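We use all heavy atoms of the structure for the numbers below, so side chains are in, but hydrogens, waters and symmetry mates are not. Because the structure is predicted, anything quoted here is derived from the model rather than measured.
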Amino acid sequence: MEESRSILANLSNGVESIKKVVDLVDGLIKFESLDIKMNRLKRKLDILKGKEDDINEELKYAESLSMKRRKKEVESWLRHVGSIKIKVHQTEQEVQERRGKWLPSIQLHRNLDRLTAEAGELHEQGAFPRGLTLEAQESRGVSFPTTKLVGQMFVENKNTILECIRNNSVSVIGIYGMGGVGKTTLLTHINNELVRHSPDSSVSWVTVSQKFSIHKLQDDIANALCFSFSFEDDEKKRAAELSNFLGTRKNLVLILDDVWEDIPINEVGIRVGVNGCKLILTTRYLDVCQKMDCQKQIRVSPLSDKESWELFLEKLGVDMKLTPEMEETAKFLVKECAGLPLGIITMARSMKGADDIFEWRNVLENMKESKLGHDDMEKKVFQVLKFSYDMLKDPKVQQCFLDCSLFPEDFPIEREVLIDLFIDERLVDGMKSSQAEFYRGYTILNKLVNACLLENFEIKGRKYVKMHDLVRDMALQITSTSPRFLVEASVDLKEIPDEEEWVEDLVKVSLMDNDISSIPPTASPKCPSISTLILMGNRLLTDIPGGFFTNMTGLNVLDLSYTNIENLPNSIFVLLNLSALLLRGCQRIKYVPSLANLKALRRLDLSYTTITELPHGMEMLVNLRYLNLFTSTLQILPGILVNLFRLQHLVLDWHSSEKMRVRGEELAILRRLETLKAQLYDVNDLNTYVNSLEERELVTYILQVGFDENSFWKESEYNKIVILRKSDLSESISEEYTLLLPQEIQFLCIESCHLVKSLYEASSLKNTANLRSCHIADCDRIENLLSVSSSCSFPILQSLEELRLQRLQDFIGLISEESNVSSLPPVGTFSSLKEVLISGCPSMKKLFTPALLSLFYNLERLRVYQCDQMVEIIAATSDDNEGEGSTSSDTTELTLPKLEVLELMVLPELKSFSSSKKTLIAESLQEIRVEYCPKLKKVSLLDDESCRLPSLQKIKVLEEWWGSLEWEHPNAKDVLQPLCHFRKYN
């Protein structure tokens, strides 16, 4: 027995030994596998690092030229690459630690597999086929309109500041002085001087205003510099990024206007000095300059009595003759302005046309009695401004002015937004049409601008007004008593004002653009006189208590636009006087309860909400003038339009959905419509509606027939637009089946349609004498625009300023081939064209003949892309190349006198820009771009010994192609080379 036990014990020990050997071998195998996986991951990471280095190098080059800014997706990709590099480093350390142990980590194996897959995915994502950057649209700065500097001190200050900018030892310049003394005007002259006369410098202007935060100031500076942050919320990381970016900018002058307290520029990320920018700030307070370490502090003082009088007379105008008594009184008035240009200019504008001495004396007495202002000097300015307000006389115009104070300080207020508010409040009322009301509102704004109570300016062609901060202060002083306003706009409010601030005599409240996230559930302000309440722009606000509006029975205008509310409180439906309900951009609102009780409603804006059906009771809103339903989620438009016969402004979702189509007869019922944006079912519906217009004229319209979800709509500057998509127009625009278009149409877009062979056959286009832009894309059959065999004029081609022909498979040329090439269309054809784009027309072989080109004398931009068979841009004719002694032409030159931009892209068969022997002269040409035209070896436009292109500033070409060009005049290449911006083949 004992022997058996011994044998079994030995066998057991042997089995255990065998298991250990197996485990050891298995461990060794797995250990080798771990090493192999680590090496595979490192190889993947090396490839990814190479991609990262290439991308960073390209970004560094683009951003160093201040031409581009990186895309958000590229920033995100770089962050992920940085993260995976850290993870791989940590994992490698773990692998090394496992080498001294018998058993490998299963989790470690999994981490290696996951990181290897992630590295591969990131490498694929790093292709960025659409490029790494966006156009920064950066310039050296913007030149602002301003008045001339008055006074010797202003001129001296200007020269001193310019000298400090040139002085490398001065980095921070502070300009201080009281409000209205002309600090901003002085700085505007400095800005314009740098923009216009310092080509090596760039200048960026940021208005800081009284309420500021580091985060907001960082955003404002970044926007001014066309720079994007990688870190959205971390102020320290944002400051580092901004500082690094400023280090790449050479000779940058950063202007911070209207600084009210010292700004920690390091915390913001403003780098100054040799490796940074020059910083100029304006403030009312000397201690702000001192705390911000301004190396040069310049005080802007009021004008002397003599300078004040000269400024007053200049603004009063040479036609204004003052009697000795009036002059004496006027000098007292000017003295009351305390040398402040703002007050003097305002006073002069107000007194224009005052030809009675008693009127002058009355003004002086009123100024002396005014109690406005905080300190002695500003009190006098407020007296002047208050007088200008009093001189408006018309109470409704005064109310319009006070409405401007409802918007935040230094806020650019779009004119149309203000005028809509005037109309909603019935300050502009009683007109026969909304257009007449708009004109009236526009006139009021002009009156306020002329009185220096508002300032005019434009942003990208849109017209805005803004209140000077002192003027706004004055307006708020007025509204602190009667009429009583409560204005806390864009001041970082986290909650609504306390209950004691909601006094019973409040008439208007503006809490717009704050961070209000909630309203106490029991809040119900007792304000029966409130007529206007603006909560717009409180994007954190998700809920309004059910009884909040219960005690606001006089509410006339309620603006909840761009909030995050999900439901409307029940108390809103007892507002029987409500005339404007604005819910624009409330993207969480999916359902609006019955509006049947709100019969006084004149304006309803539900655009960019997510409602799926119209509110019940819409048919009861018989007083509705304005209805905006531009939302892609609305499933159906029930037949309610017949009841809304007073509608003047109707916007449906004409662009992103075909669910909101309407019939022509439904629209024809709305006889008062002046603005219409809608999608109709078909061409017959368009004809029905256009035919119903008769003598009426729509002021603004977008009429679309057909829907294409793949269509890319580009916002148009025109306000009378027709879009035809996916329709058979081969018959409907012929003589027999006429397509009806509104007579005043400005923009016509035809996409994915079956067309006639020549646009000239379209009889419906022969009366469109006001058409300014025509886009034709993805259409079959059309071969040309015009046949010159007919001597009849074609107005559409005489009024057009922009022509775009894209992806037209059958298009051959602008003029039919069967006609005599030496003949020309009627006089005036193409004469208004400023921009021509030809793209994706594979059947075109040439664009112009010399004779045809002569008609394009107003052409400014010519772009030809992706035309596979295009051989030459300007093709010679037999007459053109007859040589000396030819009588067919009396000139040896072709001219495009206004051409500024020429682009030739992806033209694989293009061999010659011009085969004509005539020399082409383009004295206004500023930019040429030629890419992917491999057979183009000579460019006659450039190959000129005298290089008659005096305005040329930039040549954008592929470097390899430029090197392969053949030059008849080698000197031309040497002259043009410095203008080249090279790109390499991808």
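Counting only distance, with no hydrogens or angles, the side chain of Asn551 and the backbone of Ser524 share a donor-acceptor pair below 3.5 Å. Of the possible donor and acceptor atoms, one in the side chain of Ser531 sits under 3.5 Å from a partner among the backbone N and O of Val507. For the pair Glu425 (side chain) and Thr532 (backbone), a donor-acceptor distance under 3.5 Å is absent. Between the Asn597 side chain and the Leu576 main chain, no donor and acceptor come within less than 3.5 Å of each other.
Between Lys216 and Asp492 there is no salt bridge, since none of the side-chain N atoms of the basic residue sits less than 4.0 Å from a carboxylate O of the acidic one. Using a 4.0 Å cut-off between a side-chain N of Lys or Arg and a carboxylate O of Asp or Glu, Arg725 and Glu751 qualify as a salt bridge. Salt bridge absent: Asp410 and Arg472 never bring a charged side-chain N and a carboxylate O closer than 4.0 Å.
Looking only at atom types and distance, the side chain of Asn628 has no donor-acceptor partner in the side chain of Arg603 under 3.5 Å away. Counting only N and O atoms by type, the side chains of Asp258 and Thr207 include no donor and acceptor under 3.5 Å apart.
With values rounded to the nearest 0.5 angstrom, Leu511 atom CG is found 11.5 Å from Asp559 atom CG. Distance CG/Leu670 to CG/Leu676: 8.0 Å, rounded to 0.5 Å. If you take OG1 on Thr675 and CZ on Phe438, they are separated by 10.0 Å, rounding to the nearest 0.5 Å.
Residue pairs that meet the salt bridge (charged side-chain N to carboxylate O under 4.0 Å, His left out) test with at least one member in residues 621-642, sequence neighbours left out, do not exist here. Annotation: salt bridge (charged side-chain N to carboxylate O under 4.0 Å, His left out) contacts involving residues 427-441, sequence neighbours excluded, comprise Asp394-Arg440, Arg426-Asp429, Asp429-Arg602.
Between Tyr626 and His649, the ring-plane angle classifies as parallel under the 30° and 60° cut-offs. Between Tyr389 and Phe401, the ring planes are tilted. Angles from 30° to 60° get that label.
Under the 6.0 Å distance and 45° angle rule, Arg672 does not count as a cation-pi partner of Phe645.
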